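Comments concern the structure below.
Each chain gets a letter, A, B and so on, in the order its sequence line appears, and its residues count up from 1. Here the structure is a predicted model, which is why all the values come from computation and not from measurement. The figures that follow rest on heavy atoms only: side chains count, while hydrogens, waters and symmetry mates do not.
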2 protein chains.
Amino acid sequence: MDIGKNIRIKDIAKLAGVSVGTVDRVLHNRGRVSDEALKKVTAVMDQIDYKPNLIARTLGSNKNYKIAALIPDPTGDPYWAQTNLGIIQAQAEWAQYGVTVDTYTFDIFDKDAFRGLAMEVLESAPDGIVIAPIFYHESLPAFELFQNQSIPYVLFNTNIPEAQPLGFIGQNLNQSGRVGAELINLGQHESGTFAVLHIDEDVHDSIHLLEKEKGFREYFQEHRKHKFEIVDFILNPNEPTFKNQLIELLGDDTLKGIFVSTSKGTAVAASFLEKYGKKDIRLIGYDLLEENLKYLRSGIIDFLINQNPKRQALLGISHLVNHLMFKKSAPALELFPLEVITQQNVDSYLGSGIH
Amino acid sequence: MDIGKNIRIKDIAKLAGVSVGTVDRVLHNRGRVSDEALKKVTAVMDQIDYKPNLIARTLGSNKNYKIAALIPDPTGDPYWAQTNLGIIQAQAEWAQYGVTVDTYTFDIFDKDAFRGLAMEVLESAPDGIVIAPIFYHESLPAFELFQNQSIPYVLFNTNIPEAQPLGFIGQNLNQSGRVGAELINLGQHESGTFAVLHIDEDVHDSIHLLEKEKGFREYFQEHRKHKFEIVDFILNPNEPTFKNQLIELLGDDTLKGIFVSTSKGTAVAASFLEKYGKKDIRLIGYDLLEENLKYLRSGIIDFLINQNPKRQALLGISHLVNHLMFKKSAPALELFPLEVITQQNVDSYLGSGIH
DNA sequence: TTTTAAAATGTGTACGCACACACTTAATTT
DNA sequence: AAATTAAGTGTGTGCGTACACATTTTAAAA
């Protein structure tokens with residue numbers, strides 16, 4: 001290692017016997033360079049390990065980047081509100097580097113409006129896009145548009161591998177279901193029933209949720225010590241039948257545990273368990289929403305798996321900025337750890353700024 | 001919010017009717033400034049929200065910072081080896097910003113040598129120090145020396161509040177013990193015995209370890225559903241009696257679970273459980289060491305609490321750099337989340353780069 | 001009042017890179 | 001051979017800050 005001074009473009013120029021301008025042209029292959037000069041510069045480049053000073057680079061190319069964030073409307077939705085917080089934090093963090101983040105929100109019940117919004121985003125000509133593509137079919141044409149304009153885009157929350165994004169930030173849903181199964185199974189010595197509940201106002205992302213159930217079931221296939229029956233329900237809390245369906249489920253005396261695949265649904269299930277005094281039924285759900293924290297602390301919810309929506313958004317934007325500003329490539333797939341939250345460790349998560 | 005250009009020192013100078021030099025002197029209170037000029041500048045400062053461009057600042061003051069890292073010898077010790085990895089990563093990350101990190105290691109059995117090492121560090125005149133102060137008494141005079149030289153120092157792993165460091169990075173040990181208790185207690189419906197094992201080649205940090213036990217016991221005092229007896233042992237694996245003590249413990253048929261307070265001890269306890277076929281005894285320990293992972297995957301270890309030594313070191317150095325280079329102040333107390341690792345979520349932790 | 005020192009303030013350069021522009025040299029065209 | 005165009009190359013400036021140094025103003029001493 002060369003102790004001391006870092007190598008600068010100036011140094012390369014001197015070593016190669018050309019001017020800094022020529023080195024610059026070679027490094028960024030812009031403009032025209034003679035074969036001779038190219039050879040001389042590349043020869044030097046091969047021998048030394050040039051690491052451009054990113055600090056100086058960003059200062060030199062005094063560019064302002066505009067990033068568009070597409071997320072479901074966070075109003076009245078605690079999950080997407082957390083996502084929104086991540087965007088706001090990213091905004092604050094990168095503002096001084098000339099990065100602006102414009103948030104575009106869409107109604108999760110209005111697929112058609114999504115299309116229009118994608119167009120609107122495109123018209124604003126952003127340098128990069130972060131998007132939570134909860135509509136599978138409607139997202140694909142949007143990605144095509146982005147690609148045609150060669151605007152880099154990062155996905156988070158929901159992965160769509162066909163989308164060929166710059167990167168995806170989220171979790172392994174199958175494995176997430178397995179963690180749920182593991183936690184529900186722990187210390188259960190008698191046979192009984194486990195319920196998987198997909199409680200959602202919308203059934204769009206049921207594919208997304210069913211992946212969790214798949215992992216959940218796979219775990220029990222691989223670890224069948226006792227006989228467990230697994231039942232599953234896709235429930236819409238706005239349907240009139242919803243309440244009765246849940247009450248009927250709770251009436252089953254063999255019910256040992258409930259795994260809820262959605263964050264908002266977790267609190268709903270918890271409220272029923274509380275109301276009907278079924279505190280012994282193990283409840284596992286998702287995310288550190290205000291409501292969920294309440295039930296976790298009172299012991300109704302036993303475990304929460306943290307999807308960290310805030311950090312997903314934050315990191316999505318960071319990936320984009322690193323790509324645009326620093327030309328740094330981030331991993332194409334950033335899978336967050338499946339954080340297990342309990343009554344005793346929840347405060348350590350809430351207290352730590354980063355997590 | 002002022003959309004568009006950020007406010008520069010130049011702008012402040014113009015608004016205040018003085019030169020940039022004067023503004024600079026006011027901002028960093030260096031040199032002499034007339035009361036009149038001071039008033040004019042502060043008046044402007046009060047009205048606008050000046051955020052210095054950190055990029056330009058670091059470029060302008062082209063300083064090279066030298067950081068010293070003091071840790072126990074990582075050779076043959078997987079826990080401190082992880083710490084060392086964090087230091088190496090920090091080194092790589094900050095190298096291009098002119099930061100060098102020199103690592104000083106000490107023998108955990110040789111307290112006297114520690115003193116000499118502290119002097120050696122001081123002689124190298126570093127700009128900042130990160131230190132894992134596992135020797136309580138021997139560390140205090142070292143801190144005094146650092147303070148006299150006004151070299152900022154950051155503690156990690158072990159907190160010594162009296163040390164008045166720039167910051168501490170680690171975990172809440174009491175709460176950590178509580179998490180252990182919670183996990184060991186989960187789904188235990190019969191009364192029995194829980195054992196707390198402090199397995200360490202050295203008993204220096206027993207105070208440190210006993211804090212975990214304190215939290216562990218407190219949990220059961222607050223949640224006494226069943227009658228549990230809690231026994232505890234401070235064991236040195238190098239002592240000839242060690243093996244028999246453990247075997248005797250495992251002979252107790254009422255033993256429901258074991259909580260090991262050290263990372264290396266976790267694997268040791270696991271090896272005994274495996275050897276004597278006591279797979280049903282719940283085992284909870286610390287950290288993602290290679291050995292521990294093996295036993296976690298085979299089901300001997302049920303839970304690991306991740307202390308994240310690598311990240312502790314990494315963040316310690318980052319705090320220091322932010323303080324020195326960017327004049328950014330970090331929280332005085334950065335408590336990491338108490339991450340619960342299971343068979344099913346362990347890969348999601350290992351895979352993710354940050355954690 | 002002039003001289004000298006001290007206090008206060010302004011100016012200029014460097015940091016490393018990006019990029020615009022001016023310049024030189026070579027290749028064509030008239 | 002001169003004029004035009006293109007290819008290749010070098011120089012210079014800006015980004016926002018830090019800091020050294022030059023300059024002006026003010027106060028104290030001669």
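Separation of the A:F156 and A:F168 ring centroids does not fall under the 6.0 Å cut-off.
Taking 4.0 angstrom as the limit, B:R57 places none of its side-chain polar atoms (N or O) nearer than this to OP1 or OP2 of D:dG16. Side-chain nitrogen and oxygen atoms of B:S34 include none within less than 4.0 Å of the OP1 or OP2 phosphate oxygen of C:dA7. Contact between the side-chain N/O atoms of B:R30 and the OP1/OP2 oxygens of D:dC19 is found at a separation under 4.0 Å. A:K63 has no side-chain polar atom (N or O) that falls below the 4.0 Å cut-off from OP1 or OP2 of C:dA18. Taking side-chain N and O atoms only, B:Y50 has no distance below 4.0 Å to OP1 or OP2 of D:dG16.
If you check C:dG10, D:dT17, D:dC19 against the side chain of B:T22, the one that comes closest is C:dG10. Closest to the side chain of B:P52, out of D:dT17, D:dA18, C:dT9, is D:dT17.
At whole-Å resolution of the value, CG in B:L27 and P in D:dC19 are 12 Å apart. To the nearest angstrom, P of C:dA7 lies 18 Å from CD of B:E36. Between the CE atom of A:M325 and the P atom of D:dC15 there is a distance of 16 Å, given to the nearest Å. As rounded to whole Å, 8 Å separates atom P of D:dG16 from atom NZ of B:K10. What separates CG of B:D35 from P of D:dT26 is a distance of 14 Å, to the nearest Å. Distance, B:N29 CG to D:dC19 P: 13 Å, rounded to whole Å. Per the geometry, CZ belonging to B:R32 stands 17 Å off P belonging to D:dT26, to the nearest Å. As rounded to whole Å, 14 Å separates atom P of C:dA8 from atom NZ of B:K39.
Among the heavy atoms of the strands lying under 4.0 Å from B:V18 are primed sugar atoms or P, OP1, OP2 only; no base atom is included. Note on A:R25: a base of the nucleic acid sits closer than 4.0 angstrom, heavy atoms only.
Between B:K14 and B:D11 there is no salt bridge, since no side-chain nitrogen of the basic residue lies less than 4.0 Å from a carboxylate oxygen of the acidic one. Electrostatic pairing of B:R30 and B:D24 counts as a salt bridge here, judged by a charged N lying under 4.0 Å from a carboxylate O.
Of the possible polar contacts, none joining the A:E138 side chain to the A:F114 backbone as a donor-acceptor pair under 3.5 Å is found.
Summary of the strand contacts: A:L59 and B:D24 both lie near DNA chain D, and taking for each the nucleotide with the nearest heavy atom, the more 5' one is attributed to A:L59. A residue-by-residue look at B:G31 and B:A56 shows that B:G31 has its nearest nucleotide of DNA chain C further toward the 5' end.
With hydrogens and angles left out, the side-chain atoms of A:Q312 and A:Q307 include no donor and acceptor closer than 3.5 Å.
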